[in-house]
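Contents: one structure, followed by commentary.
Residue numbers start at 1 and run along the sequence shown.
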Amino acid sequence: MKKSVITLAVSATVGFGTIFGGTSVITEAASISSLKGEQNKIQNQRSNINSTINQKNNQISDLQNQQANVQDEITRLDDAITDSTNKINETNAKLESTKEEIMKLQGEMEVIKDRIEKRNVLLKDRARSYQDTGGMANYIDVLMGATSFSDFVDRANAVVTIMEADQAILKEHEADKKELETKQEQVKTNLESIQKMVADLQTLQQQLNVQKADKNKALASLKQQENEAHEGVMDLQEQDALLAAQQAAIQQAIKNEQAAQAKAAAEAAAVAKKAANSNSGGSSSGGASSGATPGVSSGYWTQPAVGYLSSGFGQRGSERHVGVDIANRTASPIVAAADGVVIRSYLSSSYGNCIFISHSINGQVYTTVYAHMSTRLVGSGAVVKKGQQIGVMGNTGDSTGQHLHFELHKGPWTMDKRYAINPVGIVPLP
């Protein structure tokens, strides 16, 4: 009977002697193996993340090269637009000069028209005279009326002169008409040519402006893609940093488990010796805190904050709510839900002041998240006990009121939160 009591006492002591509260030495060995397995999983995840980061960086480099090429095209188009603008200005100046030449030609044409009009009157008078006097017959009468050979010669010279004058008038008349037609055609041709040149240049400039607008749009799209890639890299780097912190936390948990094994063995030996001497044993239980600090529950988990459950786990509108919200009008203390190692304590744009804690319970890794706190009281790498205050409830980050957003993950925390589970029924809640 005494031997049975001693065996029971030793088993009880070993069974409740770990830092995480209640696993045997054999279980602790399995727990260490499990923790190392989790480390390997995290290392594989980090390798995948770093591979994706490299791909993203290559994508960023490619996008930057594309932007440089598009920028070169925009510069070329800018030069072409500037060149076409200068040509349009030059052609417009030439158009103004041509208009001045046209004005001058129009003045010359008016003079020619006036000469033609006067000559038309003269020719009409001549024609009328020919009709009245018989034309050529009149010249014969003039010649036949000579009184001497010398008079005949004089009369003949006079007739020739008059006839040559008439022919000259007709030639000048025809020349003036031709010159007028030529100048009119020249004016029309010059004006049409320059106007077409201006129109072609304006069309070219419009096409260049459209091309530039398309290139600017393409450049803006490439920049947007680059910004998204940079944001993706930052998210991946943040996830990698968190995984690295979880690796460190698990490594610390392994050390804690190893220390617990040594401590459990020493306690078992002490209990066995005491049982052998006094045939008696003892146990202890946790206490409770007063005020707004939640009482420490027995078992692995305790309530993380005092308040009321304002939002549960699951679908909330169009988004998936992967935790529960505990609200309170007063700035309630936030405590660690279980023994563990702080993975990361930092200010997040979405979580606000937040703390991630890694826990090892019966060889299973759990991760708890405490978000939107006003104050953080522990830093990354700290070893915390169940019920230890780690912060104060607040309204930081993407929050609309004072509360604690609490998450429970069965495994490591990941960006896609695929290991998030409903803490109701596992962790004591209000």
Intermediate values then yes/no, side-chain contact (heavy atoms from CB on, under 4.5 Å), Gln206 and Val210 = CA-CA 6 Å; Gln206 288 173 356; Val210 169; 5.6 Å; no

Determine whether Leu222 and Gln225 satisfy the following criterion, side-chain contact (heavy atoms from CB on, under 4.5 Å), listing intermediate values before the conclusion.
CA-CA 5 Å; Leu222 290 170; Gln225 291 177 54; 4.2 Å; yes

Can you list the steps and then say if Ile357 with Ile390 is a side-chain contact (heavy atoms from CB on, under 4.5 Å)? CA-CA 10 Å; Ile357 300 178; Ile390 60 173; 4.0 Å; yes

Gln66 vs Asp62, test: side chain to side chain donor-acceptor pair (under 3.5 Å). Steps then yes/no.
CA-CA 6 Å; Gln66 291 183 54; Asp62 181 59; 2.8 Å; yes

Using the side-chain contact (heavy atoms from CB on, under 4.5 Å) rule, take Asn216 and Ile74 through it: C-alpha gap first, then chi angles, then the decisive distance, then the call.
CA-CA 7 Å; Asn216 282 332; Ile74 290 174; 3.2 Å; yes

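Taking OG from Ser84 and CD from Gln202, the interatomic distance works out to 10.0 Å, rounded to the nearest 0.5 Å. We find the CG-CG distance between Asp325 and Leu404 to be 8.0 Å, quoted to the nearest 0.5 Å. Note that OH of Tyr346 and CZ of Phe356 are 4.5 Å apart. Values are rounded to the nearest 0.5 Å. To the nearest 0.5 Å, atoms CD (Gln402) and CD1 (Ile326) are separated by 13.0 Å. Leu77 contributes atom CG, which lies 12.5 Å from atom CG of Asp83 (distance to the nearest 0.5 angstrom). To the nearest 0.5 angstrom, Lys417 atom NZ is 5.0 Å from Glu407 atom CD.
Side chain of Asn353 to backbone of Arg376: no donor-acceptor contact under 3.5 angstrom is found. Not a single donor-acceptor pair under 3.5 Å links the side chain of Ser345 to the backbone N or O of Ser380. Asn92 contributes a side-chain N or O that, together with a main-chain N or O of Ile88, makes up a donor-acceptor pair within less than 3.5 Å. Checking side-chain atoms of Thr82 against main-chain N and O of Asp78 turns up a donor-acceptor pair under 3.5 Å. Listed for the Thr396 side chain is no donor-acceptor partner under 3.5 Å among the backbone atoms of Ser374. For Ser47 (side chain) and Gln43 (main-chain N/O), a donor-acceptor pair under 3.5 Å exists by modelled atom type. In this structure, Thr302 contributes its side chain and Gly387 its backbone to no donor-acceptor pair below 3.5 Å.
Here the closest heavy-atom approach between residue Val427 and residue Ala337 is recorded as CG1-CB, 4.4 Å. Ser297 approaches Gln303 most closely through the heavy-atom pair OG-N, 4.3 Å. In plain terms, the two heavy atoms of Pro412 and Tyr419 that are nearest each other are O-CD1, 3.1 Å. When all heavy atoms of His372 and Asp398 are compared, the pair lying nearest together is CE1-O, 3.4 Å. In this structure, Ser348 and Cys354 approach most closely via the heavy-atom pair CB-SG, 4.1 Å. For the residue pair Thr414 and Asp416, the shortest heavy atom distance occurs at OG1-OD1, 2.6 Å.
Among the candidates Glu228, His230, Gln224, the single residue satisfying the side chain to side chain contact (heavy atoms under 4.5 Å, CB included) test with Glu226 is His230.
Using a 4.0 Å cut-off between a side-chain N of Lys or Arg and a carboxylate O of Asp or Glu, Glu90 and Lys87 do not qualify as a salt bridge. Using a cutoff of 4.0 Å between basic side-chain nitrogens and carboxylate oxygens, Asp339 and Lys386 are not scored as salt-bridged. Of the charged side-chain nitrogens involved, none lies within less than 4.0 Å of a carboxylate oxygen, so that Asp72 and Arg76 do not count as a salt-bridged pair.
Side-chain contact between Glu73 and Asn69 is absent, with no heavy-atom pair separated by less than 4.5 Å. Within the 4.5 Å cutoff, the side chain of Leu219 has heavy atoms near those of the Lys223 side chain. Two residues are said to be in side-chain contact when any heavy atoms from C-beta on lie closer than 4.5 Å; Met393 and Ser332 meet this criterion. Residues His403 and Thr400 form no side-chain contact, since every pair of their non-hydrogen atoms from C-beta on lies 4.5 Å or further apart. Between Gln237 and Val233 the shortest side-chain heavy-atom distance falls below 4.5 Å. Side chains of Gln211 and Asp214 form no contact here, defined as non-hydrogen atoms less than 4.5 Å apart. Val369 has its side chain within reach of Trp413: a pair of non-hydrogen atoms, C-beta onward, lies under 4.5 Å apart. Residues Trp301 and His359 have side chains in contact (heavy-atom distance under 4.5 Å, counting atoms from C-beta outward).
For Arg418, the CZ atom sits in a packed shell: over 12 heavy atoms of surrounding residues, nucleotides or ligands are nearer than 6.0 Å.
For the residue pair Gln67 and Gln71, no side-chain donor N or O sits within less than 3.5 Å of a side-chain acceptor on the partner. Side-chain contact check for His321 and Glu319: no donor-acceptor pair (N or O, by modelled atom type) lies under 3.5 Å. Side-chain atoms of Tyr370 and Thr368 include a donor-acceptor pair closer than 3.5 Å.
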